[in-house]
S.K.: 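I have a structure I would like to understand better, so I am pasting it below and will then ask my questions one at a time.
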Amino acid sequence: MEIQQIIGGIDFEREIMAAMRIGWVFKVGDAVIITDQDHRNDVISSLEVAGNIILHHHEKWDGTGYPHRLKGEEIPLEARIVAIVDVFDALTSRRPYKDSWSVERALSFINEQKG
């Protein structure tokens, strides 16, 4: 099983392998077992944050986003942050179907769209 998953630049395989070297984590088949309670809580918290980002970064402040049509502060903070970064990256990157925008234009657009 490949345990690598990259979310927001975090290489979980590298983090898990480092924890395995110092004895906080070990693998049994496809399962990753975390032996230290403090580190288990840290990993669970990190996975909750990652899950919030994955699930909610397409929500919109006005409630017109998806998948749950959350609005305002119902959207987890980490998902709101990644949504802005995602839009900025999309606007300032060249795509086959569009030219890249300047940083100034992208920031102006994001500012106009804020809730």
Side-chain angles (χ1 to χ4, degrees):
M1 175 185 143
E2 180 72 28
I3 59 173
Q4 182 174 1
Q5 176 62 282
I6 298 177
I7 301 171
I10 301 169
D11 184 341
F12 284 104
E13 181 178 30
R14 184 177 4 175
E15 298 297 324
I16 290 169
M17 298 308 285
M20 288 174 74
R21 281 192 292 279
I22 55 179
W24 293 337
V25 172
F26 63 95
K27 283 183 68 179
V28 176
D30 289 343
V32 176
I33 309 300
I34 303 166
T35 59
D36 181 272
Q37 181 65 41
D38 291 335
H39 292 94
R40 182 172 31 246
N41 292 342
D42 290 346
V43 168
I44 290 169
S45 177
S46 295
L47 291 175
E48 288 173 1
V49 168
N52 283 339
I53 292 168
I54 292 166
L55 186 59
H56 300 299
H57 75 280
H58 288 291
E59 302 287 358
K60 291 188 175 182
W61 191 258
D62 65 1
T64 61
Y66 64 92
H68 298 113
R69 302 181 70 78
L70 300 178
K71 65 180 178 178
E73 292 187 6
E74 294 173 346
I75 305 166
L77 177 61
E78 55 270 22
R80 288 183 264 157
I81 293 168
V82 170
I84 293 169
V85 171
D86 189 38
V87 169
F88 179 82
D89 179 62
L91 295 173
T92 59
S93 299
R94 188 183 186 302
R95 303 281 197 250
Y97 52 86
K98 72 166 201 67
D99 288 330
S100 61
W101 288 18
S102 69
V103 169
E104 294 77 19
R105 183 178 176 198
L107 291 175
S108 177
F109 176 80
I110 290 169
N111 194 43
E112 290 168 10
Q113 299 298 311
K114 69 182 181 184

S.K.: Taking all non-hydrogen atoms of both residues into account, name the closest pair between Lys98 and Leu91 and its distance.
M.R.: NZ-O, 3.1 Å
S.K.: What are the two closest non-hydrogen atoms of Ser93 and Ser100, and how far apart are they?
M.R.: C-CB, 3.7 Å
S.K.: When you measure from the side chain of Glu74 to the backbone of Lys71, do you find a donor-acceptor pair of N or O atoms at a distance under 3.5 Å?
M.R.: yes
S.K.: Checking side chain to side chain contact (heavy atoms under 4.5 Å, CB included) between Val82 and each of Leu77, Val49, Ile53, Asn52, which is the one that passes?
M.R.: Ile53
S.K.: Mind checking whether Glu59 and Pro67 have side chains closer than 4.5 Å, heavy atoms only?
M.R.: yes
S.K.: Quick check: do Ser108 and Glu104 have side-chain heavy atoms less than 4.5 Å from each other?
M.R.: no
S.K.: Calculate, to the nearest 0.5 Å, the distance between atoms CD1 and CD belonging to Ile84 and Gln113 respectively.
M.R.: 11.5 Å
S.K.: Just wondering, do Trp61 and Arg80 contact through their side chains at under 4.5 Å, heavy atoms?
M.R.: yes
S.K.: Locate the shortest heavy-atom distance separating Thr64 from Arg69; write the atom from each residue and the value.
M.R.: O-NH1, 3.9 Å
S.K.: Are Val87 and Ile81 in one and the same hydrophobic cluster, where Ile, Leu, Val, Met, Phe, Trp and Tyr link if side-chain heavy atoms are under 4.5 Å apart?
M.R.: no
S.K.: Side chain to side chain contact (heavy atoms under 4.5 Å, CB included), that's the test. Do His58 and Asp86 meet it? Break it down for me.
M.R.: CA-CA 9 Å; His58 288 291; Asp86 189 38; 4.3 Å; yes
S.K.: Is any side-chain heavy atom of His68 closer than 4.5 Å to one of Leu55?
M.R.: yes
S.K.: On a heavy-atom basis, which atom in Thr92 and which in Val103 lie closest, and how many Å separate them?
M.R.: CG2-CA, 4.3 Å
S.K.: Using side-chain hydrogen bond (donor to acceptor under 3.5 Å, both in side chains) as the criterion, list what pairs up with Asp99, not counting sequence neighbours.
M.R.: none
